[in-house]
Amino acid sequence: MTNRWLLLLGSNLADDARLREASSVLSAIGEIDALTPVRRFPCDDGAPGEYYNLLIALSADIEREGFGQRLKQLEAALGRQRDATSEVAIDIDILASAADGGWHADPRATAKGEFTRASVRALLDEAGIAIAG
């Protein structure tokens, strides 16, 4: 069964190349649709620096269970280091899934406070997407 996922891609490297690489790899998993152009935002947690962000939809025959782990593996393959460094080569977050004609918040995204972040709100607004709780 094909599912549709709303994903947020981010990187704080010097350019947006890692977002393009991640999009290319994700296109091998399923059909991707860039919902916004790449945008640059200040770090939401007050740390110095900026992030490149991109909002995409991925349509793929993949279930939620195991999808998060698959994305972590993709992040690692693209250079993500999960340690104390401030460099984030790539971050891919599941924001929502499509059902009943709308987007429904992913519980993990809600728990992490993703929808309170200014950059996420700006990208959702730009894409014209409303998220149901």
Are [X] and [Y] side-chain neighbours, meaning at least one heavy-atom pair lies under 4.5 Å?
{"X": "Leu95", "Y": "Ile129", "value": "no"}
{"X": "Asn53", "Y": "Thr36", "value": "no"}
{"X": "Leu124", "Y": "Trp103", "value": "no"}
{"X": "Ile131", "Y": "Leu6", "value": "yes"}
{"X": "Leu71", "Y": "Leu26", "value": "yes"}
{"X": "Ile94", "Y": "Arg64", "value": "yes"}
{"X": "Ser119", "Y": "Arg39", "value": "no"}
{"X": "Ser97", "Y": "Asn3", "value": "no"}

Does the pair Arg4 and Asp33 meet the rule for a salt bridge (Lys or Arg N to Asp or Glu O under 4.0 Å), with working shown?
CA-CA 10 Å; Arg4 191 160 164 89; Asp33 182 20; 3.8 Å; yes
Treat each ILVMFWY residue as a node, draw an edge where side-chain heavy atoms are under 4.5 Å apart, and state whether [X] and [Y] are in one component.
{"X": "Val38", "Y": "Leu13", "value": "no"}
{"X": "Leu123", "Y": "Leu19", "value": "no"}
{"X": "Leu35", "Y": "Val25", "value": "no"}
{"X": "Leu55", "Y": "Ile32", "value": "no"}
{"X": "Leu58", "Y": "Leu74", "value": "yes"}

If we ignore hydrogens and angles and just use 3.5 Å, is the side chain of [X] paired with the main-chain N or O of [Y] as donor and acceptor?
{"X": "Thr2", "Y": "Ala60", "answer": "no"}
{"X": "Ser24", "Y": "Arg20", "answer": "no"}
{"X": "Asn12", "Y": "Ser86", "answer": "yes"}
{"X": "Arg18", "Y": "Leu78", "answer": "yes"}

Salt bridge (charged side-chain N to carboxylate O under 4.0 Å, His left out) partners for Glu87, two or more places apart
none
Identify, with sequence neighbours excluded, every residue that meets salt bridge (charged side-chain N to carboxylate O under 4.0 Å, His left out) alongside Glu114.
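Residues passing salt bridge (charged side-chain N to carboxylate O under 4.0 Å, His left out) with Glu114: Lys112, Arg117.
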For atom CD of Glu126, is the number of surrounding heavy atoms from other residues, nucleotides or ligands below 6.0 Å larger than 12?
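Counting other residues, nucleotides and ligands, CD of Glu126 exceeds 12 neighbours.
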Can you list, by chain and residue number, the hydrophobic cluster partners of Tyr51 when the side-chain cut-off is 4.5 Å?
Val88
How long is the gap from [atom1] on [X] to [atom2] on [Y], to the nearest 0.5 Å?
{"X": "Leu8", "Y": "Asp91", "atom1": "CG", "atom2": "CG", "result": "7.0 Å"}
{"X": "Ile29", "Y": "Phe67", "atom1": "CD1", "atom2": "CZ", "result": "6.0 Å"}
{"X": "Thr110", "Y": "Phe115", "atom1": "OG1", "atom2": "CZ", "result": "5.0 Å"}
{"X": "Arg108", "Y": "Asp93", "atom1": "CZ", "atom2": "CG", "result": "11.5 Å"}
{"X": "Ser23", "Y": "Ile56", "atom1": "OG", "atom2": "CD1", "result": "5.0 Å"}

Please report the C-alpha distance between Ile90 and Glu21 in whole Å, then the side-chain angles of each, then the deciding distance to 0.1 Å, and finally whether the side-chain contact (heavy atoms from CB on, under 4.5 Å) criterion is met.
CA-CA 10 Å; Ile90 188 70; Glu21 289 177 52; over 6 Å; no
Determine the minimum heavy-atom distance between Ala22 and Leu9, stating which atoms define it.
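Looking at all heavy atoms of both residues, the closest pair is CB-CD2, 3.8 Å.
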